Amino acid sequence: MVATSPAPAALLHSTVLDWYEANARDLPWRTAEASPWAVMVSEFMLQQTPVKRVLPAYAAWLERWPTPAALAADAAGEAVRMWGRLGYPRRALRLHAAAVAITEQHGGQVPEDHAALLALPGVGEYTAAAVASFAYRQRHVVLDTNVRRVFARAVTGVEFPAQATTAAERRAATELLPATAETAATWAVGVMELGALVCTARNPDCAECPLLRHCAWQAAGKPPYQGPARRGQTYEGTDRQVRGKLLAVLREAHGAVPQARLDAVWPEPVQRARALDGLVKDGLVDPVAPGVYRLPV
DNA sequence: AATCCGTGGAG
DNA sequence: TCTCCAAGGAT
C-alpha cells in the first residue's frame, strides 16, 4: 500500500496564510487600533459565544471601559449587567477580576508573558496563547475548537478531535507552528478562521478549502466520526436555566430585589433555592439582607 | 476526567 | 421541532 506523504509544513503555511489574507473577516479586535485589552475582552466574550452575538457587546463594553483600570474602578455587578445575555456570566465576573489584577499587579497593562496571562482569572491555556499571539504577535500554539477540528481532519484524518485535548494533538500543533513569531501569529488566526468559515463542524465546505489536496480526512474518503457519542447538552429544566432566569431579573433591576421577584421566575422551590445559592456561591449575586438580593458591588 | 456553567441561531 | 454547538475555564 502507498502511504500518502504529508505536505511539507512550509506549503501548508503559505497555503493557509494566502487563504487568510484573501478571506479574513473584518473583525474589530483584529484591527491595528485594537489594544491588548480589547483583544482580551474579545477573547473572554468569544469563549463559547458566537462572533455575531459578541460584536455589539464588545463595542459597548470597550466604549464604557476602554482600559482595565476603567473596568476595575467599577463594580463587579456592573460587569455582570453589561454582559447582558452573552451567556456564562461568570466570565463577566472573571473579566472584572482580571482587570483588577492587571491594574494592581501589572501597572494597568495587559501582561505580555504567557505565564502571567495564564495566572489571570478566567484565562486558561487557550486565552493566554490567544492574547499573547494576537495582541503581542508572539509564537504560541493556539488550540481552540476550530484549530483542533482543522488538524483532526487535515492532519489526523478524522472528522472530529477527541473530547479533550491530547498530548499528541499539542505535539502535532507544535511541530506545525511556523518558526518566526509574526508568521506563527498569523498562522494561528488563519487556521482558526479556516475552521470557522470553511472547515466547519457540520457542513464543511471542502470544495472551497485551500487544504483540500493536503487533507488526510479527504484522502481517507471523509469517514464519519467514530468516537464516543458527544452528549447533547439538555437545557430545559436544568439549574442553568433557573440561574439564567434569576440573574436576568437582577440584571434588569437596578438595586436590590426582594425574594418574591425571584420566586416568580421558577415554580419549584428546591431547585430555585439551589440555583440561587449557586449564584451566591459564585459571587454573581450578593445577599444584602435576608430575602433581599442584588448584583455584587 | 467528568461536570458544571447560558444563550440563541442554523439546519 | 429538535439537535447541535459556538475563539473555554474551573473544579
Side-chain angles (χ1 to χ4, degrees), chain A residues 20 24-25 27-30 34 38-58 80 83-95 97-98 117-135 140-150 159-167 185 188-197 199-205 225 228-251 265 271 274-275 277-285:
Chain A
Y20 181 72
R25 289 168 292 181
L27 298 174
W29 45 85
R30 288 181 184 162
V39 172
M40 174 170 281
V41 169
S42 79
E43 291 302 338
F44 269 74
M45 291 184 168
L46 288 164
Q47 290 169 3
Q48 301 286 279
T49 301
V51 167
K52 181 179 178 181
R53 288 175 49 211
V54 164
L55 285 168
Y58 167 88
V80 174
W83 198 255
R85 304 189 66 82
L86 285 180
Y88 290 148
R90 292 189 297 191
R91 290 182 290 166
L93 222 45
R94 291 170 182 154
L95 182 52
L117 287 164
L118 196 55
L120 296 171
V123 176
E125 180 58 43
Y126 162 75
T127 302
V131 172
S133 180
F134 304 156
H140 290 283
V141 171
V142 180
L143 270 187
D144 81 321
T145 186
N146 290 302
V147 175
R148 294 188 63 215
R149 189 174 55 249
V150 171
E159 186 178 17
F160 294 113
Q163 185 173 312
T165 305
T166 64
V189 71
V191 177
M192 279 180 68
E193 190 76 336
L194 187 61
L197 298 183
C199 193
T200 53
R202 270 178 290 193
N203 296 108
D205 192 1
Y225 178 70
R230 299 176 291 165
R231 62 190 185 294
Q233 42 178 322
T234 52
Y235 183 64
E236 284 296 319
T238 62
D239 285 7
R240 279 148 96 166
Q241 184 185 24
V242 183
R243 286 168 57 107
K245 286 178 176 295
L246 292 170
L247 201 58
V249 171
L250 292 163
R251 267 200 318 264
V265 304
Q271 186 179 27
R274 184 173 67 232
D277 183 58
L279 289 170
V280 171
K281 278 187 167 59
D282 286 347
L284 284 162
V285 172

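Since the structure is predicted, the reported quantities are computational estimates derived from the model, not experimental observations. Every chain is numbered from 1 and lettered A, B, ... according to where its sequence line falls, protein lines coming before strand lines.
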Distance between the [atom1] atoms of [N] and [M], in whole angstroms?
N: dT3(B); M: dA7(C); atom1: P; result: 24 Å
N: dA6(C); M: dC5(B); atom1: C1'; result: 15 Å
N: dA1(B); M: dA10(C); atom1: C1'; result: 13 Å
N: dT1(C); M: dG8(B); atom1: C1'; result: 16 Å

Task: NZ/NE/NH1/NH2 to OD/OE distance under 4.0 Å, Arg30(A) and Glu193(A) - done: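 Salt bridge present between Arg30(A) and Glu193(A).
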
For [X], which contact category applies under a 4.0 Å heavy-atom criterion: base, sugar-phosphate, or nothing?
X: Phe44(A); value: nothing
X: Arg85(A); value: sugar-phosphate
X: Leu86(A); value: base

Rounded off to whole Å, could you give me the [atom1]-to-[atom2] distance for the [X] and [N] pair?
X: Leu279(A); N: dC4(B); atom1: CG; atom2: P; answer: 16 Å
X: Glu236(A); N: dT1(C); atom1: CD; atom2: P; answer: 13 Å
X: Lys52(A); N: dG9(B); atom1: NZ; atom2: C1'; answer: 7 Å
X: Tyr235(A); N: dT3(C); atom1: OH; atom2: P; answer: 16 Å
X: Gln163(A); N: dA2(B); atom1: CD; atom2: P; answer: 6 Å
X: Leu246(A); N: dG6(B); atom1: CG; atom2: P; answer: 11 Å
X: Arg148(A); N: dC5(C); atom1: CZ; atom2: C1'; answer: 14 Å
X: Lys245(A); N: dC5(B); atom1: NZ; atom2: P; answer: 16 Å

Open item on the list: The criterion is side chain to side chain donor-acceptor pair (under 3.5 Å); which residues satisfy it with Tyr58(A), sequence neighbours excluded?
Closed with: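 For Tyr58(A), no residue satisfies side chain to side chain donor-acceptor pair (under 3.5 Å) once neighbours in sequence are set aside.
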
Open item on the list: Checking side-chain polar atoms at under 3.5 Å, does Thr238(A) have a donor or acceptor matched by the opposite partner on Arg243(A)?
Closed with: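 Thr238(A) vs Arg243(A): no donor-acceptor pair found between side chains.
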
Open item on the list: For a quick check under 3.5 Å, do Gln47(A) and Tyr126(A) share a side-chain donor-acceptor pair by atom type?
Closed with: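 On atom types as modelled, these side chains do not qualify, holding no pair under 3.5 Å.
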
Task: Partner set under salt bridge (charged side-chain N to carboxylate O under 4.0 Å, His left out) for Lys281(A), not counting sequence neighbours - done: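 Counting only residues at least two positions away or on another chain, Lys281(A) forms a salt bridge (charged side-chain N to carboxylate O under 4.0 Å, His left out) with Asp277(A).
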
Open item on the list: Pick the closest DNA chain B nucleotide for Asn203(A) and for Thr238(A) by heavy atoms, then say which residue is nearer the 5' end.
Closed with: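 First, find each residue's nearest nucleotide; the 5'-ward one identifies Thr238(A).
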
Open item on the list: For a 4.5 angstrom cut-off between non-hydrogen side-chain atoms, does Arg251(A) reach Trp83(A)?
Closed with: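 Not touching, per the 4.5 Å side-chain cut-off.
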
TODO: Would you check, one step at a time, whether the test side chain to side chain donor-acceptor pair (under 3.5 Å) holds for Tyr88(A) with Arg240(A)?
DONE: CA-CA 9 Å; Tyr88(A) 290 148; Arg240(A) 279 148 96 166; 2.9 Å; yes

Open item on the list: Strictly under 4.0 angstrom, non-hydrogen atoms only: write out the protein contact profile of nucleotides 6-11 of chain C, one letter per nucleotide from the 5' end, B, S or -.
Closed with: BBBBS-

